[in-house]
Amino acid sequence: MAIHFLDLETEVILIILEFLHDASPRSSKAVLLTNKFLNSAARLIRDRQKTLTLTNSIEQSLSCHQWTHDDSTLSNLRHLKVEKPPDSDSTFQGHSPDHAEYKDFVESIKPFNKLVSRLQSLKSLTWNAGPVTHTLLQTLHKHHPKAVLKIFCFDRWDSSLDHLDESETALSIYPTLKCFRASGGVSFRGHFGMPPQYSFAAFKSIVANSQSISYAGILLPNYIAQVEFLQSEEDLLKVSTTRKKCRSLKALTLDAPMLQLSKDLLIELDKYIEISNLESVKLSRGLPEVGYFEHAATMLPNLKDVSWNFSAIRGDHPTQIPLLKAANDYILTCAPLRTLSLWGWTRVISLPDLINRHGQTLTSLHLHEREEPRHTADLVSLGVDDEDRERSLSLLDVQLIKRNCPNLQDLSIDVARHGGFDLQEGSNISQLLDELADSGSQLRKLQIYFTTDGLAALFHPQSGSGNSSDDEESQSYTTNLELVLQKYVRSIWSRLYSGTSTGERLLDVKFGEWESTFWRQSRFRNGSVINMSDVRRYFEVRPHERDDHVGECEIRMRKK
């Protein structure tokens, strides 16, 4: 006897619809129109997770999301994500870090707290919208004591405080805090000159007292403020014989030049967390010290995921040789890694040595050499020199990676792009893509760095006379050029994933050093330096969400 879809158990149907919604949200919307039973089941799946974008006016933000007023949706909601508006530095801007303003801020969050109290069975709250008030934490714990809390954009209301405020104190003891990423020194209101030392001390205190946190990260500014502590860090952290030590932390990210990865820092961190339990340590800025690599094997025995940045090393200066040797020795002798991200990697290790040691266990590999902007008298040649271009991976390099990394799912590489923006047969990029495409659905994501070589000449073909008609013509030219770039990126995605119709199939393409904060391109003319607009572009390419657009993709372009 034939079994029809609706003959399956309700739980099985829900699992199938959940998989469908995760892979193709727009397709699950079509299921709503099928019949009454599937309408109810699909609605349950679609409502289980929601994203709420908060602006300065929280009440207005809630009114813009109709589902926040629907009791049926609120009863089905299990996972809530709160985020700031796209391309916004912070959510609640324009405030001053004084007590009166903070009280107003606490008052303004009440409508959101009320929404949280109306939810019937929340399992997780992901907060990516700046400060977290103590009233929100109280509401969440009262109505959903088992809900997992993940905070990815925490700012101190006043980063000059030499003590923990009430929200930070509440966070430090919150029983289900799983993820905590904070920034300090430059508050979300844009105030400079705040002492980042306080922010780091507050960060350590929150992490140290948490017994459930698995990930922690902190972002501090490039400068180190010269301040006199009103009280010592020991007082701020309330160090005592009863202070706890976090033993649940598995991943730590340090994005701060003032935090140099060294043996001394590991010893300092070990006062607050059990560093021997760490599986992931990532350093985004600043160079590690020799002592770190000499002691990491014994102090971090469970390390599986690492990220280092050696881009600050220029040339072969003798003082850097011990560091490069120590890093090389560590990579060649440490336990096989699961993920590895190396910027400035050619200074540290050869690709065959790296793959020979870690290839069999790698699921994620990111290799990148920075492109440095420079002055030039010839606009057409602006970009990167031959030495940097030689650091791009060759077809043989990609074949080596493919042959020896059977579990690789996420790859970032530098690729040389010669000529225009056509994916020509037999070109270097076409051969690389064909090689990677043979991996089938195994490759989940590819990230490609192209240099800005040639882009400046295209975006700035002539200086123009400065009148309005020239400006309109220049804007039209730029728009058309961006369409050409999008077509080029789309052809890359199609060539890479043409052989598969399932899986994530993600592609990121970056023209220029996208992550760099300081980037200026200029040219000389008549003895003067002329700065040009930023030509860097970042394209995120994803499969089309609708199942009647199989083999097509959607592109999001960002520019500085």
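What you see is a predicted model, and the numbers here were worked out from it, not measured in a lab. Positions are given from 1, in the same order as the sequence printed here.
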Inset, instruction - Mind checking the CG-CD1 spacing from L278 to I273? Nearest 0.5 Å is all I need. - result: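 Here the interatomic distance stands at 4.5 Å.
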Inset, instruction - Measure the spacing between CZ of R444 and OG of S364 and express it to the nearest 0.5 Å. - result: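 Rounded to the nearest 0.5 Å, the CZ-OG separation comes out at 7.5 Å.
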Inset, instruction - Go through the side-chain N and O atoms of H366 and S341 and say whether any donor and acceptor fall under 3.5 Å apart. - result: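 Result is no, nothing qualifies.
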Inset, instruction - Taking atom types as modelled, find out whether S491 and S494 have a side-chain donor-acceptor pair closer than 3.5 angstrom. - result: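 Side-chain D/A pair, S491 to S494: absent.
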Inset, instruction - Enumerate the residue pairs fulfilling side-chain hydrogen bond (donor to acceptor under 3.5 Å, both in side chains) with a member in residues 326-335, sequence neighbours excluded, ordered by first and then second residue. - result: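 As it turns out, the side-chain hydrogen bond (donor to acceptor under 3.5 Å, both in side chains) pairs with a partner in residues 326-335, which skip direct neighbours, are K325-D329.
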Inset, instruction - List in chain and number order the residues that pass salt bridge (Lys or Arg N to Asp or Glu O under 4.0 Å) with D264, two or more places apart in sequence or in another chain; answer none if no residue qualifies. - result: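 With sequence neighbours excluded, D264 shows a salt bridge (Lys or Arg N to Asp or Glu O under 4.0 Å) to no residue whatsoever.
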Inset, instruction - Would you confirm whether the ring centroid of W514 sits within less than 6.0 angstrom of the ring centroid of F539? - result: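 When the ring centroids of F539 and W514 are compared, they turn out to be at least 6.0 Å apart.
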Inset, instruction - Determine, using ring centers only, whether F180 and F154 are less than 6.0 Å apart. - result: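 Under 6.0 Å, so yes.
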Legend entry - Check against side chain to side chain contact (heavy atoms under 4.5 Å, CB included), L171 and L149: CA-CA 10 Å; L171 268 178; L149 178 59; 4.1 Å; yes
Inset, instruction - Give a yes or no answer on whether the side chain of Q409 reaches the backbone of L443 with a donor-acceptor pair at less than 3.5 Å. - result: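 Pair absent, no side-chain N/O of Q409 close to backbone of L443.
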Inset, instruction - Measure from the side-chain N and O atoms of N407 to the backbone N and O of Q360, and report whether any donor-acceptor pair falls under 3.5 Å. - result: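 Yes; judged by distance alone, with no hydrogens or angles, the pair exists.
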Legend entry - Salt bridge present between E435 and K402 (N-O < 4.0 angstrom):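 K402 and E435: salt-bridged.
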Legend entry - With sequence neighbours excluded, residues passing side chain to side chain contact (heavy atoms under 4.5 Å, CB included) with S394: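 Here the qualifying residues are L396, D397.
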Inset, instruction - Can you spot which of L507, L433, I555 makes a side-chain contact (heavy atoms from CB on, under 4.5 Å) with W493? - result: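 Of the listed residues L507, L433, I555, the side-chain contact (heavy atoms from CB on, under 4.5 Å) partner of W493 is L507.
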